[in-house]
Amino acid sequence: MEEMTGAQLIIRTLHKFGITTIAGIPGGANLPLYDALHQFPEIRHILARHEQGAGFIAQGMARSSGKPAVCFATSGPGATNILTAIADAYLDSTPVICITGQVPLSMIGTDAFQEVDVYGLSIPITKCNYLVRSVEELLRILPEAFHAATSGRPGPVLIDIPKDVQLAHITVDRLPDLPEPTRPSAPSETDLHTAAQMINQAERPVFYVGGGIVHSCAGKAARRFAEKACLPTAMTLMGLGVLPPEHDLYMGMLGMHAARSTNIMLDECDLLIAAGVRFDDRATGKISAFCPDAKIVHIDIDPAEISKLKQAHLGLVGDIRATLEQLFPLIAERQINGWNKRVRNLRAEYPFFCDENFDFASPYGIIMRAAEIVGDRAIVTTDVGKHQMWTAQVYPVNRTRQLLTSGGLGTMGFGLPAAIGAALQNPDRPVICFSGDGSIMMNIQELATLAEHNLNVKVVVLNNQSLGLVRQQQKLFYEGHYVASEYNHTVDLAAIARGFGLKSFDGSTSMLLDELLSVALQSEGPALITIPIDIEEDVYPMVPPGAANSVMIGGKYECA
Amino acid sequence: MSAHNTVENVAVLELMVRNHPGVMSHVCGLFSRRAYNVEGIVCLPVDDGGQSRIFLKVGEEERLDQVVKQLEKLSDVLHVNRHQDGHPVFADLQQYFHA
C-alpha cells in the first residue's frame with residue numbers, strides 16, 4: 001500500500017506502461033503532472049513550443065514505432081491547440097494518448113479561467129475520451145485508454161483531468177497493469193475459402209493496400225501474398241513502403257496523383273483485393289466510377305469500414321496479417337500471365353517518370369538526390385502540399401514506417417514536429433523532413449525544440465513562394481485566379497533557421513545544388529536547407545477533385 | 001436532429017450504454033456528424049443507474065448496417081439491438097407529441 005497523488009499515479013502508471021518520453025507544454029491546470037515529473041527523472045519531457053507541435057512530436061514517435069505515445073497540454077488554449085494533432089491522429093489511426101489538464105471539478109461549467117469543454121470538443125476526433133471525475137477513476141481509465149489506443153484499429157485517446165483530481169491523494173495497492181490487446185475477430189473458414197476462390201478465379205486481380213497493413217505489421221505478409229498470386233499492387237499514401245519501387249509488382253500510389261498506368265489498371269481490373277484501406281476519395285476518385293468492373297474483397301480490422309463507401313462482395317473482418325497468412329496457403333501460385341503483361345505494357349506506355357523528370361534542379365531530382373544521400377535507413381517525414389505528393393511519387397520508400405505523412409487530415413505543419421518525434425524514437429537513424437515554404441511556417445517554432453535537442457533531422461524546404469497545391473487548383477479549375485496563394489513577401493528561411501540555432505543552407509545563393517545538398521545532409525545534427533522551386537512546377541498527373549480516376553490531367557510521358 | 005424528409009420505413013435501435021454525463025453527446029454527435037437521420041430519442045437509466053437504455057428511431061433504411069456498426073464502435077455503447085419493424089416505445093409516447 002502506498003499513498004500518492006493523482007498526478008504521481010498518472011506518471012508512474014505511464015512509466016509502467018512503457019512511456020519514456022512525453023512531449024508537452026505546462027500550464028496552470030496541468031502543473032501537478034509536471035511536479036510529479038520532477039520526482040521522476042526516468043521520463044524525459046520534451047518541451048514543445050506550441051501544443052500542436054507536442055501532439056505531432058507524439059505522433060512522430062507513435063508512427064515510427066507503432067507504439068502508443070503521450071502528449072500533455074494544459075486546459076483551455078493548450079487543449080484547443082493540441083486538438084489538430086489529435087484529429088490528424090484520428091484520421092490516420094495513430095495511437096496517441098493526449099492528457100489535458102482541466103480546471104478543478106467544482107469550477108467546471110462556470111466559464112472559469114482557461115476552461116473549455118475539451119471532452120465535448122474531442123468527441124468526434126478521438127477513438128474514445130474521458131473526463132476524469134475522481135482520482136480513483138484513474139485506476140480504471142489509464143489502462144482502458146492504452147487498451148483503446150492500441151487495440152483493433154488504433155487511434156488517439158484524450159483524457160481530460162481536472163487539477164484537483166491530479167492533486168487528490170489515493171492509496172494504491174499496486175499500479176494498474178497494461179491490459180492485453182483484445183484478440184480481433186477472425187474471418188470464418190468459409191469466407192476465407194470464398195475469398196481464395198475469388199482470387200484464384202480472377203483474371204485481372206489488383207491488390208490495393210493501405211495504412212492498415214502498417215498498423216497490423218503485415219508488410220512482409222502482404223508482399224509474400226502479392227508475390228505468390230502475382231498481384232499488381234497499388235498503395236495508398238499511407239501504405240507506401242509495402243512494396244519497394246523496384247519490385248516487379250509495384251504500381252505506386254493510386255488516385256489523385258497516381259501514375260496514369262496505375263489508375264487505368266484499376267479501371268480494368270476484375271477483382272480488387274482491398275486490405276487495410278478505407279476507399280478515401282483521394283484514392284478512389286469518384287467512387288461510383290472506381291474499379292467499375294471489379295468484385296471487391298475487403299479485409300479490415302474495423303467492421304465499419306467494410307462496405308462503408310463501396311459495397312464489398314466479400315468482407316473479411318480481422319487482423320490483416322493473420323488474415324493474409326491464413327489466406328496464403330489457400331491461394332494458387334500464379335505465374336506472370338496476360339494480365340501482368342497488360343499492366344507491364346501500361347507501365348511502359350505511361351511510366352511513372354521519364355529520365356528528364358530527374359533533371360537535377362527539378363523537385364523530383366532534388367528529392368531523389370536527397371534520398372540517395374541520406375540512405376535507406378533514413379526516416380522521411382513530409383508536410384502537406386506539392387512537396388508531399390512529389391515525395392510520395394518518387395521517394396524510394398522501401399519499408400513500412402519509413403514514410404510518415406499526414407494522409408487523412410492533410411495537416412500542414414505535420415512534418416517538422418513529426419520528424420522530431422521520429423528522431424527521438426530512433427536516435428540511431430537519420431531523419432529527413434520534406435516541407436514547403438507554406439507548410440514550414442505552420443509549426444516553424446519547433447525549430448527551437450529541434451535545435452535544443454540537437455537531433456539528427458534535416459529539413460528540406462522546397463520553396464516555391466506559394467501555397468503550391470492551392471495555386472495549382474486555381475490554375476486548373478479557377479481560370480488562373482491566383483487569389484491568396486502566392487507569397488508576395490519573401491522571408492529568409494535560412495536566416496530564420498540560423499536564428500533558431502540551426503545550421504542552414506540556401507540553394508538560391510549557391511550554384512552547386514548537388515554539392516550543397518551533400519554537405520547539408522551529411523552535416524552533424526539538425527539543419528535546414530531551402531531550395532528555390534519554380535512556382536509553375538506542378539504535380540501531375542492530376543485527377544480533378546470529384547472526377548473519376550480515369551480523368552487525368554497532365555503528366556509528360558514522351559520519354560526520349 | 002430532425003429528418004430532412006420523413007422516411008416511411010423507420011427502424012428502432014435499442015442501445016445499452018454506460019451511463020455517464022457524456023454518453024448522449026457521443027450518440028447524438030455520431031448522428032449529426034455522419035448525417036444520419038434520427039427522428040426520435042428516448043433515454044432512461046436502467047435499474048441502479050450504472051447503465052442507460054436508449055431507443056433511437058432511425059430513418060436510415062439503406063445505411064442501417066453502417067449506422068449500427070458506427071454505434072458499436074462507441075466505447076460507451078455496450079450493445080445494439082435492432083427492431084426493424086418498429087417498437088411500441090415510440091407509439092406509446094405519441095400521445096405527448098400533438099401540437
* **Partner set under salt bridge (charged side-chain N to carboxylate O under 4.0 Å, His left out) for D76(B), not counting sequence neighbours** => R18(B)
Taking everything shown except [X] itself, do over 12 heavy atoms lie less than 6.0 Å from its [atom1]?
X       : atom1 : value
R183(A) : CZ    : no
K67(A)  : NZ    : no
D111(A) : CG    : no

Kindly list each side-chain donor-acceptor pair under 3.5 angstrom involving residues 86-104 of chain A, sequence neighbours excluded, with atom names and distances?
residue: D88(A); atom: OD1; partner: Q59(A); partner atom: NE2; Å: 3.0
residue: D88(A); atom: OD1; partner: R63(A); partner atom: NH2; Å: 2.9
residue: D88(A); atom: OD2; partner: S406(A); partner atom: OG; Å: 2.6
residue: D88(A); atom: OD2; partner: T411(A); partner atom: OG1; Å: 2.6
residue: D92(A); atom: OD1; partner: G408(A); partner atom: N; Å: 2.8
residue: D92(A); atom: OD2; partner: R63(A); partner atom: NH1; Å: 3.3
residue: D92(A); atom: OD2; partner: R63(A); partner atom: NH2; Å: 3.0
residue: D92(A); atom: OD2; partner: G407(A); partner atom: N; Å: 2.8
residue: S93(A); atom: OG; partner: R153(A); partner atom: NE; Å: 3.0
residue: T94(A); atom: OG1; partner: D92(A); partner atom: O; Å: 3.3
residue: T100(A); atom: OG1; partner: D160(A); partner atom: OD1; Å: 2.7
residue: Q102(A); atom: NE2; partner: V116(A); partner atom: O; Å: 3.1
residue: Q102(A); atom: NE2; partner: D160(A); partner atom: OD2; Å: 2.8

* Roughly how far, to the nearest 0.5 Å, is the CG atom of N129(A) from the OG atom of S25(B)? -> 9.5 Å
* To do: Among C128(A), A148(A), P124(A), single out the residue with the greatest number of heavy-atom pairs under 4.5 Å to chain B.
  => P124(A)
* Identify the residues of residues 87-96 of chain B whose heavy atoms come closer than 4.5 Å to a heavy atom of chain A, ordered by number, or report 'none'. => none
* Residues of residues 63-75 of chain B contacting chain A, heavy-atom criterion under 4.5 Å, by residue number -> Q66(B), K69(B), Q70(B), K73(B), S75(B)
* **Interchain contact, I306(A) with chain B, by part (heavy-atom threshold 4.5 Å)** => both
